Amino acid sequence: KHLLFHYSVSDLSHSWVVTIVACWHAYLFWVAGCVFLAVGANELLRWWIRWYTECTEVFSFREMAFFFHVLAKTWIWASVVGEVMRFCLLIVKDGFNLDAFEAYRRLLLCESRPEAEEGRLYVSTWGPSSARPRQKLLNLLIQAAIYGSLDVAPLLIFLY
């Protein structure tokens, strides 16, 4: 009982449970990124196959317009897929932080200006002592939504 009351957040860095949960989150976001990449590649392939099968005249205006339409969609879609993959990588990195998903929660609470100006994560300190009561409540709700969707929901589905 004495150890339970004197347990601090810094003690969590040595916990194997925290490491397993962080690896679970990394796995989830890795799978989500791979699925999104596969769906994105499938869409790109479908668009180009459609263009190739419908292209009958080489230099007609309609065919050239369709070609540039597919090319523009490809460029936009490749940019979106690349950004989603980058987001997955950054959220995995954020998930291994002791205060998991801190940077993501800061972004959702519009408190990430120092990180945006500096171009890297965890530039300034952020904690409950500097937060307003409304901000603390929103942070708690966001944390509950993150852990509920990543940990509790899969566990309940598995047990069901």
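Note that the structure is a prediction, hence the values are computed from the model and not measured.
One hydrophobic cluster, built from ILVMFWY side chains closer than 4.5 Å, cannot hold both Leu109 and Leu141; they sit in different ones. Phe29 and Val39 end up in the same hydrophobic cluster when Ile, Leu, Val, Met, Phe, Trp and Tyr side chains are linked at under 4.5 Å. Connection of Val31 to Phe101 is established within a shared hydrophobic cluster, with ILVMFWY side chains joined at heavy-atom distances below 4.5 Å, either directly or through further cluster members. One hydrophobic cluster holds both Trp77 and Phe66 under the rule that ILVMFWY side chains link at heavy-atom gaps under 4.5 Å. Residues Val35 and Val80 do not share a hydrophobic cluster, clusters being chains of Ile/Leu/Val/Met/Phe/Trp/Tyr side chains in contact below 4.5 Å.
For Gly40 against Val81, the heavy-atom pair with the smallest separation is CA-CG2, 4.2 Å. Taking every heavy atom of both residues into account, Gly95 and Ala22 meet most closely at O-CB, 3.8 Å. For the residue pair Leu150 and Leu28, the shortest heavy atom distance occurs at O-CD1, 3.5 Å. Heavy-atom minimum distance, Pro154 versus Ser149: CD-O, 3.5 Å.
Distance CG/Leu90 to CD/Glu83: 9.5 Å, rounded to 0.5 Å. Leu45 CG to Arg50 CZ: the interatomic distance, rounded to the nearest 0.5 Å, is 14.0 Å. Taken to the nearest 0.5 Å, the CG atom of Leu44 stands 11.0 Å off from the CD1 atom of Ile49. Here the straight-line distance linking atom CG of Leu71 with atom CE of Met64 works out to 10.5 Å at 0.5 Å rounding. Taken from CH2 in Trp51 to CZ in Phe67, the straight-line distance is 5.5 Å, to the nearest 0.5 Å. Between atom CZ of residue Arg62 and atom CD of residue Glu54 there is a gap of 6.5 Å, rounded to the nearest 0.5 Å.
At a threshold of 4.5 Å between non-hydrogen side-chain atoms, the residues Arg105 and Ile146 count as touching. Annotation: side chain of Val70 is in contact with side chain of Trp48 (closest heavy-atom distance under 4.5 Å). Contact of the Trp30 side chain with the Val92 side chain is not registered, since no non-hydrogen atoms from C-beta on lie closer than 4.5 Å. Proximity of Gln143 to Asp99: side-chain heavy atoms (C-beta onward) are separated by under 4.5 Å at one or more points. Contact of the Tyr104 side chain with the Phe87 side chain is registered, since non-hydrogen atoms from C-beta on lie closer than 4.5 Å.
Side chain of Asn97 to backbone of Glu102: no donor-acceptor contact under 3.5 angstrom is found.
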* Checking side chain to side chain contact (heavy atoms under 4.5 Å, CB included) for the pair Thr74/Trp47: CA distance, chi angles, key distance, verdict? -> CA-CA 8 Å; Thr74 299; Trp47 293 337; 4.2 Å; yes
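Counting heavy-atom neighbours within 6.0 Å of Lys93 NZ, excluding the residue itself, gives a total of 12 or less.
Proximity of the aromatic rings of Phe96 and His25 is defined here by a centroid distance below 6.0 angstrom, and this criterion is not met.
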